[in-house]
Q: 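The structure under discussion is supplied below as structure tokens; questions concerning it will follow.
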Amino acid sequence: MTPQDVEKLFIRADGSYGFARWGRPIAPVVFGVEEATLRTVKGALEAVVTLVGHQMAETDPELGSNLMMFFFREWDELLAVPDLERLIPDLAPLVARLKAADATQYRAFRFDNAGAIQAAFVFLRMNKEMAQIPAEALALGEAVQTIVTWGPQAFADTSPLAIVPDSGATVLRPEIAAVIAAAYDRMMPPAAADASHALRLFARLRLDQDGN
């Protein structure tokens with residue numbers, strides 16, 4: 001990857017640079033899935049969290065659960081979730097926009113005073129196409145998408161995941177894994193709004209490649 005490749009991963013819709021990682025242990029809760037799928041989702045989260053040297057927790061002392069994932073069939077179902085309006089402001093207009101766009105997924109983040117991720121909300125509409133995606137691939141993809149704040153075009157052309165030819169297993173692409181690991185380096189800031197941050201990430205990728 002080049003410095004420009006790294007920078008593009010965190011370019012916002014308005015063209016500015018924006019990055020944030022989790023500033024606290026991740027305490028997930030998943031709604032709308034069976035027990036087997038729940039274990040798959042939490043297993044994927046644990047795998048990505050372990051990769052970056054971060055932590056998971058049973059509960060968040062302030063929020064209870066700070067990563068909420070909702071699986072459902074129609075966007076209107078969100079309007080019936082108790083107290084969700086308190087967590088997602090202007091929920092009804094948002095649902096209307098997502099329906100109009102025929103969207104299948106949406107993510108929202110909250111940030112603490114340092115700019116780090118404080119909480120994340122993931123909404124997945126399981127239409128026919130989404131239901132055909134293997135649970136392992138879907139879970140790993142969402143774990144990657146929520147471990148840092150990627151730009152909206154980060155994976156527009158290329159998925160962050162790859163298929164191992166011999167086994168057919170779904171894995172995280174090595175270059176994306178390296179970027180995430182570099183982002184959680186203890187010497188890196190929890191949030192950044194300047195593209196020089198991408199250069200620092202790239203420098204850590206080069207160090208890893210050189211074996212130093």
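Values below: every heavy atom of this structure, side chains too, minus hydrogens, waters and symmetry copies. Positions are given from 1, in the same order as the sequence printed here.
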Q: If we ignore hydrogens and angles and just use 3.5 Å, is the side chain of Ser65 paired with the main-chain N or O of Met68 as donor and acceptor?
A: no
Q: Can you tell me how the ring of His197 sits relative to the ring of Phe10, calling it parallel under 30°, perpendicular over 60° and tilted otherwise?
A: perpendicular
Q: Between Val179 and Leu205, what is the shortest heavy-atom contact and its length?
A: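 Closest heavy-atom pair between Val179 and Leu205: N-CD2, 3.7 Å.
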Q: About how many Å separate CE of Met69 and NZ of Lys42, when rounded to the nearest 0.5 Å?
A: 11.0 Å
Q: Side chain to side chain contact (heavy atoms under 4.5 Å, CB included), that's the test. Do Phe121 and Tyr106 meet it? Break it down for me.
A: CA-CA 8 Å; Phe121 307 90; Tyr106 179 79; over 6 Å; no
Q: Donor-acceptor pair, distance only, cut-off 3.5 Å: does the side chain of Arg107 make one with the backbone of Glu142?
A: no
Q: Would you check if the side chain of Arg24 reaches a backbone N or O of Asp60 as a donor-acceptor pair within less than 3.5 Å?
A: no
Q: Quick one: list whatever passes side-chain contact (heavy atoms from CB on, under 4.5 Å) with Ser16, sequence neighbours left out.
A: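 Ser16 satisfies side-chain contact (heavy atoms from CB on, under 4.5 Å) with Arg12, Asp14 once adjacent residues are dropped.
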Q: Begin from the C-alpha positions of Asp102 and Arg125 and carry the test salt bridge (Lys or Arg N to Asp or Glu O under 4.0 Å) through to its verdict.
A: CA-CA 10 Å; Asp102 196 27; Arg125 180 171 72 91; 2.7 Å; yes
Q: Report yes or no: does Asp83 contribute a side-chain atom to a donor-acceptor pair with the main-chain N or O of Arg86 at less than 3.5 Å?
A: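 Side chain of Asp83 to backbone of Arg86, a donor-acceptor pair under 3.5 Å: no, none is there.
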Q: Are Val30 and Met130 connected, step by step, through hydrophobic side chains (Ile, Leu, Val, Met, Phe, Trp, Tyr) whose heavy atoms are closer than 4.5 Å?
A: yes
Q: Verify the cluster assignment for Val171 and Val49: are they in a single hydrophobic cluster under the rule of side-chain heavy atoms below 4.5 Å apart?
A: no
Q: Could you state whether Leu94 and Val122 fall into the same hydrophobic cluster, counting links through intermediate Ile, Leu, Val, Met, Phe, Trp or Tyr residues with side-chain heavy atoms under 4.5 angstrom apart?
A: no
Q: Please list all pairs passing the side-chain hydrogen bond (donor to acceptor under 3.5 Å, both in side chains) test where one or both residues lie in residues 147-164, with sequence neighbours left out.
A: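 Every candidate side-chain hydrogen bond (donor to acceptor under 3.5 Å, both in side chains) pair involving residues 147-164 fails, so no pair, neighbours aside, qualifies.
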